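Below you'll find the structure, written out as structure tokens, and then a few comments.
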There are 2 protein chains.
Amino acid sequence: MVRPTIADIANRAGVSKGAVSFALNGRPGVSDATRERILRIAEQMSWRPHSAARALGASRVDSVGMVIARPARTLGVEPFFAHLLSGVQSGLSAESISLQLLIVEDTAAEIEVYRRWASEHRVDGVILVDLTVKDPRIDELKALELPAVVIGGRGGKGALPSVWADDREAMLSIVEYLAALGHRRIAHVAGTPNFQHTQRRIRALRDAAPRLGLVDSPSLPTDFSDAEGAAITRKLLSQAQRPTAIVYDSDVMAVAGLGVAMEMGVSVPGDLSIVAFDDSILTQLMHPALTALSRDTFDFGRQAAEVLLETIAAPAQVINRRTPDPVLTVRESTAPPPRPA
Amino acid sequence: MVRPTIADIANRAGVSKGAVSFALNGRPGVSDATRERILRIAEQMSWRPHSAARALGASRVDSVGMVIARPARTLGVEPFFAHLLSGVQSGLSAESISLQLLIVEDTAAEIEVYRRWASEHRVDGVILVDLTVKDPRIDELKALELPAVVIGGRGGKGALPSVWADDREAMLSIVEYLAALGHRRIAHVAGTPNFQHTQRRIRALRDAAPRLGLVDSPSLPTDFSDAEGAAITRKLLSQAQRPTAIVYDSDVMAVAGLGVAMEMGVSVPGDLSIVAFDDSILTQLMHPALTALSRDTFDFGRQAAEVLLETIAAPAQVINRRTPDPVLTVRESTAPPPRPA
DNA sequence: TGCAGGAGCTATACCGGTTTATCAAACCCA
DNA sequence: TGGGTTTGATAAACCGGTATAGCTCCTGCA
């Protein structure tokens, strides 16, 4: 016998298909004795549900989707996504729900994917990353009635369910640490201000500056690429009054920045302190190793999966789950600023 | 009307469900005029196939799977997978086939996933990576009769279809380049000898050594981690007779090795030349930038997808497609060896 | 004793497609 | 003009599950 169906099991057990379905799904309708017998036979014949058949009948496919809209070139280097992905999977595997992953070039393509997924019933819900300020995906997903969870963007009124960490607190912990070391000129090499998390970080720095007595604290936007990270660093270090510390919004940019500093003969951490807003092997591979903000990205993904499953089960409620604040891991790239010449 | 079904279309067009199915799938059975009309109506009602229903009827799910068995920690840093993935997707998107991705801890878990996928009919085929010497996955997939394509491992007799590049030629191009610069002590920090590609590289070096007049050319196995890469480098550089060049089997290990060299005061490329067997932003971010072997990983993935689709369509034939040889990109980390003291 | 009610199970419709058996009309050639 | 083949279409079975109406017993209670 190839793949047994519930009809085969029903036959063997001398009951109806319906009874088998009840037994296998753990719902009432059969006696414990019969259930036991059916389960044993199913096990014996090594029966497994046919996903398509189940999807057709139950109108749920036990599969969720995740689209990442970034050029592949920059994707691989950031451990962030790999960890996030593993976390999401671990959250899903408990319910043995599978994950569809797609990497696309831009948001337009991403939305197109959601439309297709929705109309073809390929996924029960989706996980969103990289929330932008007026994100077009939100309305689209609502229109499609596709359950969704946003990672990283705390939603306001009428927003989608979300899992988020406090970017504001995170930025504050970095700046306060640097200020305590004595830094007063702290530059921030930011990401795209279009991203909500980037905006929150920029605002946090701006708000904290007066209180901490910062003399100069510019936030400079980039596209997250190593190239722009390097270019901005070069510009910053060429100024007459250069910063004594730079905070980078990603580990890749921080590494690029460190390279520029070395090349220009600026010693780290002697002349310049460097902090990365994301932690990974990358920051640890460097010499000096970079002080970085560590988040439990794996857990982040896991929680996103959990919230998504709850949302699929009960679409009415909107969960907004806050994750633990990230903590600063101090390594060798930060020190008190040089004494003024 | 919510999502129209072919029955709705049949109704509107005044034909039977069967006719609509024929028309939409471009198979004979309807006249051109009727086909045209049906297609127009389907378009108008913005009909899309219900993937589960189609899977149930046609017993193919238009979805392929890929399992990566590596600890998530090391995954993200290597751009290799991100590029490969994008390539695979691009190869699949033409036929609008979707991809299921799973990251697991080890091969046992990977095989378990294949079993599940096969019995639940979740995928039409799978793509394998990291082929080992006596790979248990091969037999398992054959037993499951699940179409598969192996990436990177040229198969022998009775093997699975594959897409591969010539690791041997690649290693030779590196070593010949170094030998031409004058290097005679070339160490090779390899991956796990368990991997077929690693073995081929080790053998290539061993075979070429006499011809190139190498005095010393050890291949040292690692687990691909930055930690072991660093440890081996430290050992190599502490020897009385240390190598004048080191070839690393991955970009991450090369970067780790560079760090160790700097820390030990060994100048690169003055005292030591470094070559990475994989290229990425990582190698370009370093100072000095690393000489590395560049492969078109994206295209690699695209071809794997193509071969898999052909294999699914015609399981009998076994395709073994060779991709272009990788080329060496020379950067700043290689130079002639120091003159003997 | 009679009847309501629930437990345990069966039979069957249904999900949205694909595939096949069947059939009428048109076409072809001798 | 008549018999065989091709064309265009239909109706119904089918894929492997889930959901539901309904049937049969058994139990409990008035």
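Letters A, B, ... are given to chains in the order of the sequence lines, protein chains preceding strands, and every chain is numbered from 1. Treat the numbers as computed from the prediction; the structure is a model and nothing was measured. All heavy atoms count here, side chains included; hydrogens, waters and symmetry mates do not.
Taking a cutoff of 4.0 Å between a charged side-chain nitrogen and a carboxylate oxygen, Glu112(A) and Arg116(A) do not qualify as a salt bridge. Arg70(A) has no carboxylate O lying under 4.0 Å from a charged side-chain N of Asp106(A), or vice versa, which leaves the two without a salt bridge. The pair Glu120(A)-Arg54(B) does not meet the salt-bridge criterion, since no charged nitrogen lies less than 4.0 angstrom from a carboxylate oxygen.
Residue-to-nucleotide contacts include no donor-acceptor pair under 3.5 Å from the side chain of Lys17(A) to the base of dG16(D).
For the pair Glu36(A) CD and dG8(C) P, the computed distance is 14 Å after rounding to whole Å. Summarising the geometry, the separation between CG on Asp32(B) and P on dG8(D) is reported as 8 Å, rounded to the nearest angstrom. Atom CD1 of Ile9(B) is separated from atom P of dG16(C) by 12 Å (rounded to the nearest Å). Nucleotide dA19(D) holds its C1' atom 12 Å from the CD1 atom of Ile6(A), rounded to whole Å. Atoms CZ (Phe22(A)) and P (dG17(D)) sit 15 Å apart, rounded to a whole Å. Rounded to whole angstrom, the span from the NE2 atom of His50(A) across to the C1' atom of dG17(C) amounts to 13 Å. Separating the CD1 atom of Ile38(A) from the P atom of dT18(D) is a distance of 12 Å, rounded to the nearest angstrom. Regarding His121(B), its NE2 atom lies at a distance of 17 Å from the C1' atom of dG17(C), rounded to whole Å.
For Ser31(B), the listed nucleotide lying nearest its side chain is dG8(D); candidates were dG8(D), dG17(D), dA19(D). In the set dT18(C), dC9(C), dA9(D), dA9(D) carries the atom at the smallest distance from any side-chain atom of Thr34(B). With distances taken from any side-chain atom of Leu56(B) to the nucleotides dA9(D), dT18(D), dC15(D), the minimum falls on dC15(D). When the nucleotides dT10(D), dG17(D), dC9(C) are ranked by their closest atom to the side chain of Arg54(A), dG17(D) comes out on top. When distances run from any side-chain atom of Ser16(A) to the nucleotides dT10(C), dT18(D), dG17(C), the shortest one goes to dT10(C). Taking every side-chain heavy atom of Val15(B) into account, dT10(D) is the closest of dA13(C), dT18(C), dT10(D).
Contact annotation: the side chain of Pro28(B) never approaches that of Phe22(B) to less than 4.5 Å [non-hydrogen atoms, C-beta and beyond]. Lys142(A) is listed as a side-chain neighbour of Leu160(A), based on a closest heavy-atom distance under 4.5 Å.
Using a 4.0 Å cut-off, some side-chain N or O of Trp47(B) falls inside it from OP1 or OP2 of dG17(C). Between Thr5(B) and dG16(C) there is no side-chain N or O to OP1 or OP2 distance below 4.0 Å. Between Arg35(A) and dG8(C) there is no side-chain polar atom (N or O) within less than 4.0 angstrom of OP1 or OP2.
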Next item on the list: Carefully, step by step, assess Arg115(A) and Glu110(A) under the rule salt bridge (charged side-chain N to carboxylate O under 4.0 Å, His left out).
Entry: CA-CA 9 Å; Arg115(A) 292 213 180 112; Glu110(A) 180 175 347; over 6 Å; no
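Counting any heavy atom pair closer than 4.0 Å across all strands shown, Arg27(A) reaches sugar-phosphate atoms only and no base atom. Counting non-hydrogen atoms under 4.0 angstrom, Arg48(B) reaches the backbone sugars and phosphates but no base. Within 4.0 Å (heavy atoms only), Val20(B) reaches no atom of the nucleic acid at all.
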